[in-house]
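The structure under discussion appears below in the form of structure tokens.
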Amino acid sequence: MFTLPALLHDAAAVAALGGLTYTLVVATVAAASVLSRNPDRRRDARATLTILLRRRGAR
């Protein structure tokens with residue numbers, strides 16, 4: 001019974017780390033799409049952003 005709080009704590013830590021990593025990736029790609037001088041690179045970064053930020057609509 002004592003392992004359940006530790007398991008929940010570890011799961012929360014992993015979820016927080018995953019969320020932070022995802023946020024950093026999106027911020028990096030967004031910065032690349034705005035700050036890049038190469039139009040091809042900006043286009044690729046914007047396409048990557050649309051993939052990363054895709055939201056599912058109502059079915």
Side-chain angles (χ1 to χ4, degrees):
M1 189 67 178
F2 292 111
T3 60
L4 184 60
L7 181 63
L8 291 175
H9 182 267
D10 291 344
V14 169
L17 184 62
L20 180 64
T21 302
Y22 181 76
T23 301
L24 290 175
V25 167
V26 169
T28 302
V29 172
S33 72
V34 172
L35 300 175
S36 179
R37 292 184 180 186
N38 186 346
D40 291 333
R41 203 171 275 201
R42 282 195 311 263
R43 192 176 317 116
D44 290 343
R46 286 188 187 117
T48 304
L49 272 176
T50 59
I51 292 169
L52 289 173
L53 298 178
R54 182 171 295 159
R55 301 197 188 266
R56 295 184 183 196
R59 292 184 185 190

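We number each residue from 1, following the sequence as shown.
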>> If I compare all heavy atoms of Arg37 with all of Arg42, which pair ends up nearest, and what's the gap?
In response: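 In terms of heavy atoms, the two residues are closest at O-NH1, 3.3 Å.
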> Considering all heavy atoms of both residues, which atom of Leu49 and which atom of Ala30 are nearest to each other, and what is their separation?
Replying inline: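 Looking at all heavy atoms of both residues, the closest pair is CD1-CA, 3.7 Å.
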> Under the criterion side-chain contact (heavy atoms from CB on, under 4.5 Å), which of Val26, Leu24, Leu20 is the partner of Tyr22?
Replying inline: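 For Tyr22, the side-chain contact (heavy atoms from CB on, under 4.5 Å) test succeeds with only one of Val26, Leu24, Leu20, which is Val26.
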> Does Leu35 sit in a hydrophobic cluster with other residues, and if so which ones, taking ILVMFWY side chains as linked at heavy-atom separations under 4.5 Å, directly or through other members?
Replying inline: Val34
> What residues join Leu7 in its hydrophobic cluster, counting side-chain heavy atom gaps under 4.5 Å, either direct or through other members?
Replying inline: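 Grouped by the 4.5 Å side-chain rule, Leu7 forms a cluster of one, so the answer is none.
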> Can you name the side-chain hydrogen bond (donor to acceptor under 3.5 Å, both in side chains) partners of Arg43, sequence neighbours left out?
Replying inline: Asp40
> So, Thr50 side chain and Ala47 main chain: donor-acceptor pair closer than 3.5 Å or not?
Replying inline: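 Yes.
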